[in-house]
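The first residue of the sequence shown is numbered 1, and numbering continues consecutively from there.
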Amino acid sequence: MPRERGGGWLLPALLLLPPLCAPALAISVAAEDAKEQIERLVSQESEKSGKSNKINIELQEIVFVIQSQSNSFHSKRAEDLERNILKQAEELGKELPRVLLIHQMDRHDGAWTILPLMHDFSASYGRNSSWIFFCEEDTRIQIVKLLETLRRFDKSKEWFLGKALYDEESTIIHHYAFAENPTIFKFPDFAAGWALSIPLVNKLASKLKSEPLKSDFTIDLKHEKGNGPHLTPVPEFCTDDLNSYKAVNCATMFSNFLPVCGDPVKKEDIFVAVKTCRKFHRDRIPIVKQTWEGEAAVVEYYSDYAETSIPTIDLGVPNTERGHCGKTFAILERFLNHSSSKTPWLVIVDDDTLISIFRLRKLLSCYDPNEPVFLGERYGYGLGTGGYSYITGGGGMVFSREAIQKLLASKCQCYSNDAPDDMVLGMCFSGLGIPITHCPLFHQARPMDYPKDYLAHQIPISFHKHWNIDPVKVYFTWLAPKMEDSFTEKKQRRIREDL
């Protein structure tokens with residue numbers, strides 16, 4: 001299937017990503033840390049200019065947009081961030097800024113791509129605001145420092161601000177763009193926050209009326225490129241941890257921990273299904289067995305040929321060169337009808353997916369299996385004209401039992417055995433009104449396909465493909481359980497206990 005396609009005309013390397021699944025860390029700690037700084041800086045402003053309302057006026061000119069999700073875990077974290085922003089603003093003793101949550105604005109499935117909202121931003125805020133500031137649920141913001149930073153830029157000009165990322169080599173997930181020198185194209189790290197000036201928002205809204213997007217696929221939202229202003233790197237937009245010494249000069253920060261929402265789910269609560277076929281039994285299955293298979297309590301291999309030495313299960317669905325929709329739906333039906341009714345989670349991976357079940361167990365502790373959850377790395381198809389989002393299969397697809405029950409009860413089916421399974425699932429869940437839940441810790445490609453600075457603030461859950469790499473080495477470098485995983489979990493627990 002055409003996963004490699006994508007890219008609109010638009011400037012903002014505006015999917016991945018969206019909403020994040022890093023932990024809900026100590027928001028109140030950030031607020032307390034900011035309080036003294038706010039009081040000091042407000043005092044300094046008043047002494048220097050005698051204009052006590054200077055910060056207030058500038059604060060009112062910023063519209064904060066949190067790229068939130070409707071899943072209960074994510075919506076709560078976004079609301080926590082909203083309260084944190086408003087609390088910091090309240091310390092100034094002035095009128096509060098506008099804070100918008102994407103999932104509450106969602107008129108259709110493409111709101112997370114930002115583009116469908118440009119007209120609304122322009123119409124609602126084009127005359128009385130100066131900046132639209134976007135952030136993720138785990139972005140932490142020092143309001144006063146952000147105001148100081150934005151003051152450096154003429155708000156009457158067109159500005160696209162953020163922490164700059166770039167590819168060191170051309171990559172399939174970015175359509176092999178700028179193949180001769182991929183480093184020349186800078187795109188924003190959403191985790192650090194990014195900003196558009198209102199003149200640029202107005203221009204984009206106008207352009208989108210007359211120029212439709214050139215591609216149906218949204219693959220990596222932050223990289224989608226166009227012919228607008230280039231990204232201006234802002235050093236104060238950071239992804240350093242809250243407690244890092246580097247964060248002292250940052251307007252924004254970010255946490256790279258996995259969530260700690262209680263004890264990890266039990267191994268027995270995750271059923272892992274591996275899609276394979278006879279021609280890959282000798283090449284790929286041994287890699288699975290050398291790497292992550294031992295982390296899982298229940299693993300079954302589904303193939304077009306039953307081989308007892310692995311063992312594989314023949315579902316009676318012939319192998320196809322692409323798509324695999326028939327096989328995936330057969331796996332869903334088998335899970336519902338033949339696995340223990342007490343098993344709440346199903347994970348479907350390809351035979352060349354590398355995954356950390358250890359970290360997945362911690363992540364899933366934050367989700368309610370009684371909700372219909374469909375989790376992984378989000379892509380989009382046709383979102384400029386309605387369309388739908390879907391979880392790209394290579395990085396792994398996670399289903400709650402409740403989601404599978406609703407899906408199969410709906411009678412939504414493959415239109416052919418070789419239809420793209422992940423896209424058909426996206427259509428089905430969209431029709432049911434069940435939102436995709438995005439987590440950027442799942443990866444459709446290899447580590448080398450992502451900027452180093454982007455992966456630096458992640459604890460990855462999966463990677464995909466064995467092209468030109470040693471997959472066993474990749475697993476033990478990036479995904480295998482390590483001492484620091486245990487240390488990180490203990491550190492997060494201490495933070496939560498201190499609150």
Side-chain angles (χ1 to χ4, degrees), residues 8-15 17-19 57-70 75 78-79 81-82 85-86 89 95-137 139 141 143 146-147 149-150 153-162 187-188 190 192-213 218 221-222 224-232 234 237 252 380 383-387 389:
W9 63 265
L10 185 64
L11 104 102
L14 284 180
L15 171 152
L17 347 204
I57 292 172
E58 293 188 3
L59 185 57
Q60 289 176 280
E61 292 173 0
I62 303 175
V63 179
F64 292 88
V65 179
I66 302 174
Q67 292 198 249
S68 56
Q69 301 189 77
S70 59
S75 62
E79 290 161 5
L81 176 56
E82 177 185 21
I85 292 170
L86 296 177
E95 188 173 337
L96 303 180
R98 289 168 290 261
V99 182
L100 309 177
L101 275 62
I102 286 286
H103 81 277
Q104 295 177 351
M105 305 170 63
D106 199 354
R107 296 181 181 176
H108 62 79
D109 200 34
W112 62 270
T113 66
I114 307 300
L115 303 184
L117 301 177
M118 281 297 165
H119 175 74
D120 289 346
F121 289 151
S122 178
S124 300
Y125 310 112
R127 295 185 178 181
N128 58 3
S129 300
S130 299
W131 297 94
I132 307 289
F133 181 81
F134 300 88
C135 58
E136 295 190 338
E137 297 163 6
T139 307
I141 305 166
I143 294 293
L146 177 63
L147 289 167
T149 301
L150 293 179
F153 301 92
D154 184 347
K155 62 188 179 184
S156 68
K157 308 290 186 183
E158 295 177 2
W159 290 105
F160 175 28
L161 309 178
F187 50 98
F190 286 175
W194 55 286
L196 300 178
S197 64
I198 287 297
L200 181 53
V201 170
N202 293 336
K203 180 179 180 178
L204 295 176
S206 176
K207 275 216 167 205
L208 284 167
K209 274 188 175 182
S210 58
E211 294 185 33
L213 300 178
T218 305
L221 181 61
K222 62 188 180 298
E224 302 304 310
K225 61 188 182 299
N227 52 11
H230 291 288
L231 176 72
T232 298
V234 177
F237 290 178
T252 63
L383 294 176
T385 55
S389 301

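- Using a 4.5 Å heavy-atom cutoff, the side chains of His119 and Leu208 are not in contact.
- For the pair Gln67 (side chain) and Ile102 (backbone), a donor-acceptor distance under 3.5 Å is absent.
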Q.
Go through it in stages, so that I can follow the logic: the residues are Leu196 and Phe134, the test is side chain to side chain contact (heavy atoms under 4.5 Å, CB included), and I'd like the CA-CA distance, side-chain angles, deciding distance and then a yes or no.
A. CA-CA 8 Å; Leu196 300 178; Phe134 300 88; 4.0 Å; yes
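- At least one donor-acceptor pair closer than 3.5 Å links the side chain of Thr252 to the backbone N or O of Ala192.
- Side-chain atoms of Met118 and Lys207, non-hydrogen and from C-beta on, never get closer than 4.5 Å to each other.
- Ser130 pairs by the side chain to side chain donor-acceptor pair (under 3.5 Å) definition with Glu61, not counting sequence neighbours.
- The backbone N or O of Lys157 sits less than 3.5 Å from a side-chain atom of Ser197, completing a donor-acceptor pair.
- With contacts defined as side-chain heavy-atom distances shorter than 4.5 Å, the pair Phe133/Ile141 qualifies.
- Taking all atoms of both residues into account, the shortest heavy-atom contact from Ile198 to Tyr125 is CD1-O, 3.8 Å.
- Scanning all heavy atoms of the two residues, the minimum distance from Gly193 to Phe237 falls at O-CD1, 3.6 Å.
- The two atoms that bring Ser122 and Asn202 nearest to each other are OG-OD1, 2.7 Å, heavy atoms only.
- Using a 4.5 Å heavy-atom threshold, the side chains of Phe153 and Val234 count as touching.
- Smallest separation of non-hydrogen atoms from Ile62 and Pro97: O-CB, 4.1 Å.
- Glu158 CD to Leu204 CG: the interatomic distance, rounded to the nearest 0.5 Å, is 8.0 Å.
- With hydrogens and angles ignored, the 3.5 Å screen pairs a side-chain donor or acceptor of Arg98 with a backbone N or O of Gln60.
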Q: Given side chain to side chain contact (heavy atoms under 4.5 Å, CB included), test Leu81 with Phe64 step by step and report yes or no.
A: CA-CA 11 Å; Leu81 176 56; Phe64 292 88; over 6 Å; no
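- The side-chain heavy atoms of Pro188 and Phe160, taken from C-beta on, include a pair separated by under 4.5 Å.
- Note: Leu200 CG to Trp131 CH2 = 9.5 Å, rounded to the nearest 0.5 Å.
- The aromatic rings of Phe190 and Trp194 lie parallel to each other, with less than 30° between the two planes, well short of the 60° mark.
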Q) After noting the C-alpha distance and the side-chain angles of Glu79 and Leu101, does the key distance pass the side chain to side chain contact (heavy atoms under 4.5 Å, CB included) rule? A) CA-CA 8 Å; Glu79 290 161 5; Leu101 275 62; 4.0 Å; yes
Q: Please report the C-alpha distance between Leu117 and Met105 in whole Å, then the side-chain angles of each, then the deciding distance to 0.1 Å, and finally whether the side chain to side chain contact (heavy atoms under 4.5 Å, CB included) criterion is met.
A: CA-CA 8 Å; Leu117 301 177; Met105 305 170 63; 4.1 Å; yes
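- Considering every non-hydrogen atom in both Ile132 and Val65, the closest pair reads CG2-CG2, 3.6 Å.
- The distance from atom CG of Leu383 to atom CD1 of Ile114, rounded to the nearest 0.5 Å, is 12.0 Å.
- Using a distance-only test at 3.5 Å, with no hydrogens or angles considered, a donor-acceptor pair links the side chain of Ser68 to the main chain of His103.
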